[in-house]
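Within every chain, numbering begins at 1; the chains are lettered A, B, ... in the order of the sequence lines, protein sequences first and strands thereafter.
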Number of protein chains: 2
Amino acid sequence: MAGERRRATAVDVARLAGVSQSAVSRCFTEGASVSAETRSRVLEAARRLSYRPNAIARSLTTRRTNLIGVVMGDLDGPFQPYLFETLTRGLASRGRQPLLVRGDPADALDGTAMAALDYQVDAVVVTAGSVSPAAVRGLMALGVPLLLYGRAVEADGVDSICCDNPLGARLVAQALVAAGHRRIAYLGGRPTAFSEQERGSAFRAALAELGMPLAAVGEGDYSYDSGHREALRLLAGPDRPDALFCGNDAMAFGALDAARTALGLRVPDELSIVGFDDVPMAGWPSFSLTTIRNPVDEIVATLLDMLERRLADPDAPPVLHRPPPLLVRRGSACL
Amino acid sequence: MAGERRRATAVDVARLAGVSQSAVSRCFTEGASVSAETRSRVLEAARRLSYRPNAIARSLTTRRTNLIGVVMGDLDGPFQPYLFETLTRGLASRGRQPLLVRGDPADALDGTAMAALDYQVDAVVVTAGSVSPAAVRGLMALGVPLLLYGRAVEADGVDSICCDNPLGARLVAQALVAAGHRRIAYLGGRPTAFSEQERGSAFRAALAELGMPLAAVGEGDYSYDSGHREALRLLAGPDRPDALFCGNDAMAFGALDAARTALGLRVPDELSIVGFDDVPMAGWPSFSLTTIRNPVDEIVATLLDMLERRLADPDAPPVLHRPPPLLVRRGSACL
DNA sequence: AGCGGCTTTGCATACGCATGCAACGACGCT
DNA sequence: AGCGTCGTTGCATGCGTATGCAAAGCCGCT
């Protein structure tokens, strides 16, 4: 059967089918002019040789690779994998190939990462926070269409989409106050993150509007461990908070564990805990986390539409979407 | 600065530097013959034009793309993202670009997925269970070097690496029996999965050798939900098991939640629960899961070595590695 | 001075495919 | 019958780079 050292090329197929190489190419090109007879002869020959067009060679002439650079940071939390999963599946279903570009730990794009761009990706999707603003500017200078997720930016040729963080934070503040909580604490994520800046300041502002002081503030880094650590600190003092809003679900899980296991608190009776993102794990019975749903599916769908639009017209005006999040009430908070 | 419609090519650089295109090419090729003077002139010109070699065009002539196809199933559990993370980071650090190939839900590789292979990947890494054995055979027929993770296969040109599942299962059986458990149950994963077949049969065999009957058996699909569901069933009867070995950590988490939250059992006093994989979450205080460590870091490192070796010599004899796992004792089992 | 050997360089070509252009044939129309 | 039209086809070329080959230059040696 197989085992051939060299893959069949369009020339091989052409020879077998008794046509020119152009004819073969046209059979694999949408909307090209080929007679039914020629097409069937070519396809039969292609089948016998297990021929598939060489995407590399094709890209060279069409100047379109169909590759989309996907810039990601670590997949260490529960949220990133879900986003990545949804995004790559969506890209694949639209016939685009995701080429992974790793944001390096130092929050910059190093040479290794940039090397991916040498593959002439048609566009780059950056998932937020995975790279610094400086790195984003570097990407913009490349002249490749850029789609930003999780960071609102307004610049030529850059589309961005980002959950309406301020709205999410307001929803939490209003619900907590309305439910009668009086000692409300906030546990923020990585201070340099765009999402943290929006969530933190909106939460403070909303509480202030409601005339409610902020009882305590912790600073984490969006990790489970930091949530655990900061919760221990925030909840240890004399005037223990009766509610804790965490900048993301991972930290909320850490806080929940700290409260229940380490401190022996009853959640939600003695302490309400609210997260942000609504990762799948939030619905697990152990956690049953009340949280803000970051509408990933909707975001990815919109992102893909934005991508197609941008590819169709590189000069289209930049777009910014802010899809609204939603409060999901579960068992970790009295709301 | 930039904004040029067209990227600079080697010809542009050559013109600016006053040399031939070949000279430019040689400056960017390891081990090519170029004088120091020419090199510096070319590099300076390249810098001024922001020139970077076009990897697509380069691949066309070198017949090497430096792309590695990575076949993955869903990233829905806690294990897969960690594996993916480690693998892609390792690939990147060795200067190889991971091109994602999605295994489709029906456990086969559809056209969309195969399209990725049209990019002339230098090799394909398949993470186990993400595709059916039939799909694996299809990939082998392609004549591309194939690396299998999580499934032991012996075939020409196919290297594989897979945690020593039977050893892991034996470790659990021995530890449980030695600790005095007498009603031991097993909760298996997807029956078609290679890992499940190895873990399940080795666990049975080990218990039999120790003269211990298997108290009950559940059949899950490696998901948290199935673990939760099956645990409820297994633990509801009159002769409740005193130990439960789950085919992976995700199911163990589900079982743990079911036992504690739904059934009110004290773990590990009334029931020992053991998982398999040792995902990062297993160490969280809420779970503190006793489990078998699937040595992912070591596996990926070895996998990458196997890859380099295979790329260097496509005709090298196939290799099969079975790195040993390790029992990690935490709080969910009396061992 | 002459010669061999080495380094450096440019020329030409190939990689596999897409596509503009012209040629060709079939067909319908007047 | 003659003409125009349209659908189909092949030819030739280009995409951006790597590389074999030969020419050129340089050096040291005899």
Determine, step by step, whether A:F84 and B:F84 satisfy the ring pair (Phe, Tyr, Trp, His ring centres under 6.0 Å) criterion, reporting the C-alpha distance in whole Å, the side-chain angles of both residues, the deciding distance to 0.1 Å, and the verdict. CA-CA 11 Å; A:F84 183 74; B:F84 183 75; 5.2 Å; yes

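Between the axis at the start and the axis at the end of the helix from C:dA1-D:dT30 to C:dT30-D:dA1 there is an angle of 50°, using five pairs per end and rounding to 10 degrees.
Side-chain contact of B:Y222 with B:S195: a donor-acceptor pair under 3.5 Å is present, judged by distance alone. Side-chain atoms of B:Y149 and B:D159 form no donor-acceptor pair, as typed in the model, at a separation below 3.5 Å. For the residue pair B:S35 / B:T38, a side-chain donor-acceptor distance below 3.5 Å is found, with atom types taken as modelled.
Checking the phosphate oxygens (OP1, OP2) of C:dT7, no side-chain nitrogen or oxygen of B:S33 falls inside 4.0 Å. For the OP1/OP2 pair of D:dA18 and a distance below 4.0 Å, the side-chain nitrogens and oxygens of B:R64 include no atom meeting the criterion.
The nearest whole Å value for the distance from the OH atom in B:Y119 to the P atom in C:dG16 is 17 Å. Computed from coordinates, the B:E30 CD to D:dT17 C1' distance equals 17 Å when rounded to whole Å. Atom P of nucleotide D:dT17 and atom CZ of B:R63 are separated by 18 Å, given to the nearest angstrom. As a whole-Å value, the separation of B:L60 CG from D:dG16 P is 12 Å. When rounded to the nearest whole Å, the span between CD1 of A:I56 and P of D:dT17 equals 14 Å.
A 4.5 Å side-chain heavy-atom check between A:R7 and B:V144 finds at least one atom pair inside the cut-off. A:I299 is listed as a side-chain neighbour of A:N294, based on a closest heavy-atom distance under 4.5 Å. Looking at heavy atoms from C-beta onward, B:V125 lies in side-chain contact with B:L303 at the 4.5 angstrom threshold.
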Would you mind building the protein contact string for nucleotides 17-26 of chain C? One character per nucleotide, 5' to 3', B for base within reach (heavy atoms under 4.0 Å), S for sugar-phosphate only, - for untouched. BBBBB-----

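Between A:F28 and A:Y51, the ring center distance clears the sub-6.0 Å criterion.
Comparing atom distances between the A:S20 side chain and each of D:dC11, C:dT9, C:dG16 picks out D:dC11 as nearest.
In summary, A:R94 and A:D305 engage in a salt bridge, as defined by a charged side-chain N under 4.0 Å from a carboxylate O.
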